[in-house]
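Below you'll find the structure, written out as structure tokens, and then a few comments.
Numbers here are sequence positions counted from 1. Whatever order the structure lists ligands and atoms in, that order sets their numbers, starting from 1. Fair warning: this is a prediction, and the values are worked out from it, not measured in the lab.
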Amino acid sequence: MKFSVSNKAWWQADVDLLVVPCNERSNYVATAQVLPAGCPDAPRASIDELLAAERFRGRTGRSILVSTLKQIVPRRLLFVGLGEGGLTPDTAHQLMRTVAQVAESHCAERVALSIGALDEAHLTRLVTFANIATYRFERYRMPDDPLVDVKQLDFLSQDVIDGAQEAILRGELIGRSVNFTRDLVNEPACVATPTFLADAAARIAAEQELECTIFDEKELLAQRMNLLLAVASGSSAPPRFIHLTYRPEGASAALPSIALVGKGVTFDSGGLSIKPSTSMDEMKMDMAGAAAVLGVFSHIRQLAPNCVVHGLIPSAENMPSASSFRPGDIVRGRSGKTVEILNTDAEGRLILGDALAYATELAPTAIVDLATLTGACCVALGNNMSGLFSDHERLARALVQAGAACAEEHWRLPLSKRLFEQIKSDVADIKNLGERWGGAITAALFLQAFVGESTWAHLDIAGPAYASKDDGYHRKGGTGFGVRTLLELLSRPADWS
Ligand code: BES
Ligand code: MN
Ligand code: ZN
């Protein structure tokens, strides 16, 4: 898709679809309220009539598609309601999804968006969401109808801003990073194995000039990553641990550094504590945290954040078999702590225990982990936001603010000390299972036991990482949740260092 900004008159834009976003008002008696002056009278009067007849007020979720029948240059007009708040990160996301859907069903290759005033941040977001909205995962089937892709998107704005080209490029890079993550999440587990993720990481490292270390089984043993090995023990797919490092060009020693840790369970059957078969297919998405971390690195050289970034991914498949780890097993992981395993389906916290221990040894300024960790978090918060756990106010605030800037919501949940009683073991230092209530919190408390004094935040993305059906923002499948927040966070190191 090609993007451009121009101050061309909308009724002269030679496009298949011209989009007019509308703030909510009590009524639209005249298009003068939405359309800049200068439009020829004849189409304006008919459009006025139509908007009035359809009682269009610009509510969110409402849109009106008009065929212009050659009265003006654009083939069709699309009025999209933005609600009372106008253009926000969230409505920008919805807007672009609507545009993509209409463009798809009306074979629009050339699209223009009449946007009035436009600043760099808005432009970046609109381009990001245009890329996200037009995403399809079609590696394994042909679409029913031959589909036309949007080839060109022009932003028609009164003022053509100076930084437009950079803003567009940044939006494209962020959009591609998110879609890279979605591709990984959407791959079936028979393809996206731990070695597949390690190969993807090695490829990114070569392209982006990153340091890349990958531990195979033998090395994992030498590195005392026994919790990761335990989770992997039931599968014929061997585990991997991935460590990527990005350093800005000409970096000085004084730069802040961050470790991003992503849960990479490529399929979570539950292991011997096997899950019910209903929607077990979705557990191919249990590596969405890992995929988000890889997405962040996929274009990091061009995005060029001014901090050192470590990407750490423990990856294994959780399967039941004669060689599986069992409930009752006691395992000493990299941190030296022993863990009593009471449920093999609480495997995410185990592999993260080893990865977080490794992360603390790097002594970064901050650690952020992303994990599809608990169903309990989905029960608490639904499917659109992550659960954010941190005892570090600045880091927590930086994450919430970074998310707000790019329409990803993170809701703070408490690391309630009292619940730690639930994960005390009679026979080991800690156990991997708490009681039913507060399950997202006990999982987070388990992780906290492995980060020592480090500045750390945990995002439970079990809800938002995957759309079980079209959610108005994404098609069914991986959403790439977390990539935008992390890229935003990396672009403002002063907020967390
Ligand atoms: N991967 C799951 C969590 C999950 C659930 C992710 C739904 C996405 C959607 C995790 O490994 C798991 O199985 N958690 C258990 C923990 C329980 C055994 C303490 C859960 O949430 O039921
Ligand atoms: Mn599980
Ligand atoms: Zn899991």
Side-chain angles (χ1 to χ4, degrees), residues 185-186 189 192 194 197 227-228 230-235 237 239 261-292 313-320 324-328 339-355 369-387 389 413 419 422-423 425 430-447 458-469 471 476-479 481-482:
V185 172
N186 289 335
L197 293 184
L227 291 166
L228 176 55
V231 171
S233 61
S235 172
V261 185
K263 171 178 173 182
V265 173
T266 58
F267 188 69
D268 183 11
S269 69
L272 287 175
S273 314
I274 197 164
K275 289 181 180 294
S277 57
T278 350
S279 61
M280 197 196 271
D281 60 291
E282 288 191 355
M283 282 304 132
K284 70 170 187 178
M285 58 73 103
D286 214 16
M287 36 59 84
I313 295 173
S315 183
E317 186 181 46
N318 188 20
M319 293 296 243
S324 300
F325 72 135
R326 322 151 188 76
V339 181
E340 181 189 13
I341 289 149
L342 287 175
N343 188 316
T344 62
D345 197 12
E347 84 298 339
R349 62 196 78 179
L350 298 175
I351 69 171
L352 286 168
D354 277 346
D369 79 73
L370 287 89
T372 48
L373 203 63
T374 66
C377 200
C378 310
V379 173
L381 300 177
N383 285 323
N384 303 120
M385 58 181 91
S386 81
F389 295 86
L413 293 173
L419 298 198
Q422 293 185 17
I423 50 173
S425 163
I430 194 168
K431 63 186 188 190
N432 82 331
L433 187 67
E435 290 159 23
R436 178 150 182 233
W437 309 124
I441 297 174
T442 45
L445 288 170
F446 183 96
L447 300 183
H458 157 60
L459 296 177
D460 192 332
I461 59 168
Y466 191 87
S468 301
K469 56 179 182 346
D471 64 0
K476 178 177 169 178
T479 61
F481 189 92

For this session: Using side chain to side chain contact (heavy atoms under 4.5 Å, CB included) as the criterion, point out the one residue from Leu352, Ile441, Leu350 that pairs with Phe446.
Result: Leu350

For the residue pair [Y] / [X], report whether a side-chain donor-acceptor contact shorter than 3.5 Å exists.
X      : Y      : result
Ser468 : Glu282 : yes
Thr372 : Asp286 : yes
Ser269 : Asn318 : no

Exercise. Would you say Pro320 and Leu272 make side-chain contact, with heavy atoms under 4.5 Å?
Worked result: yes

Exercise. Can you tell if the side chain of Asp369 reaches within under 4.5 Å of the side chain of Lys263, non-hydrogen atoms only?
Worked result: no

Rounded at 0.5 Å granularity, tell me how far [atom1] in [X] sits from [atom2] in [Y].
X      : Y      : atom1 : atom2 : result
Arg349 : Thr374 : CZ    : OG1   : 7.5 Å
Arg326 : Ser273 : CZ    : OG    : 12.0 Å
Leu373 : Leu447 : CG    : CG    : 5.5 Å

Problem set entry | Number of protein N/O/S atoms that sit closer than 2.8 Å to the Mn ion (ligand 2) | 4

Exercise. Who's touching ligand 1 if we go heavy atoms under 4.0 Å?
Worked result: Lys263, Asp268, Lys275, Met283, Met285, Asp286, Asn343, Asp345, Glu347, Arg349, Thr372, Leu373, Thr374, Gly375, Leu433, Ala462

Seminar exercise, completed: Excluding waters, which are neither shown nor counted, protein N/O/S atoms under 2.8 Å from the Zn ion (ligand 3) come to 4

Problem set entry | Pair Lys275 + Asp345, salt bridge at N-O below 4.0 Å | yes

Problem set entry | Ion pair Glu317/Lys284, N-O distance below 4.0 Å | no

Can you give each donor-acceptor pair under 3.5 Å made by side-chain atoms of residues 376-384, sequence neighbours left out, with the distance rounded to 0.1 Å?
none

For this session: Output yes when a side-chain donor or acceptor of Ser315 lies under 3.5 Å from a complementary backbone atom of Gly264, and no otherwise.
Result: yes

